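These numbers were taken from a predicted model, which means no experiment stands behind them.
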Amino acid sequence: LSCNGTSTTAAFVSGVEDMQVWYGEATGSLFQYRTQPVNWTRVTAVMVCLRMVGERQANVTTGTLGCNNEAVPADGRLRRTFFRVFQTRNGPGGEAS
């Protein structure tokens, strides 16, 4: 995870192999996570996934699953996938006027 400036790139966190963000949108009685919301005022949660990878070899011989439930083959490095859901403070229809 890094910041790309005009002349340099600075790492915020090392070892982030994949990062995905989904927005939880409430539409009436339905709730659905989307990569791009249809209506931003109905977003009530944000789900974030980070797949982290170790910098050194760890003798890992078993693959793992990534953020989109895809298979990630073993290459000898330790990986962990973390999911977190954050609820937003404004609910549907709670936008400022």
Does the side chain of M52 reach to within under 4.5 Å of the side chain of V16, using non-hydrogen atoms?
yes
Side chains of V46 and V21 in contact at under 4.5 Å (non-hydrogen atoms):
yes
Hydrophobic cluster membership, with links at side-chain heavy-atom distances under 4.5 Å among I/L/V/M/F/W/Y: are F31 and V85 in one?
yes
So does N39 have more than 12 non-hydrogen atoms from other groups sitting under 6.0 Å from CG?
yes
Between D75 and R79, which heavy-atom pair has the shortest distance, and what is it?
OD1-NH1, 2.9 Å
Specify whether F83 and W22 have parallel, tilted or perpendicular ring planes, treating 30° as the upper limit for parallel and 60° as the lower limit for perpendicular.
parallel
For the residue pair E17 and R80, establish whether any side-chain heavy-atom pair is separated by less than 4.5 Å.
no
Do other residues, nucleotides or ligands put more than 12 heavy atoms under 6.0 Å from the CD atom of Q57?
yes
Rounded at 0.5 Å granularity, tell me how far CE in M19 sits from CZ in R51.
13.5 Å
Compare all side-chain heavy atoms of V48 with those of F86 and state whether any distance is below 4.5 angstrom.
yes
Any donor-acceptor pair under 3.5 Å from N68 side chain to E70 backbone:
no
Measure from the side-chain N and O atoms of T81 to the backbone N and O of L65, and report whether any donor-acceptor pair falls under 3.5 Å.
yes
Pairs satisfying disulfide (SG to SG under 2.5 Å), at least one member in residues 36-79, at least two apart
C49-C67
Checking D18 against Q20 for the side-chain hydrogen bond (donor to acceptor under 3.5 Å, both in side chains) test, could you report, in this order, the C-alpha distance in whole Å, the side-chain angles of both residues, the deciding distance, and whether it holds?
CA-CA 7 Å; D18 187 18; Q20 301 289 321; 2.9 Å; yes
Tightest non-hydrogen contact, residues A26 and T44, listed as CB-CG2, 4.2 Å
Is it true that the side chains of S14 and E55 contain a donor and an acceptor less than 3.5 Å apart?
yes
Is there a side-chain contact between Y33 and M47, using heavy atoms and a 4.5 Å cut-off?
yes
Residues E25 and R42 bridged, charged N to O under 4.0 Å:
no
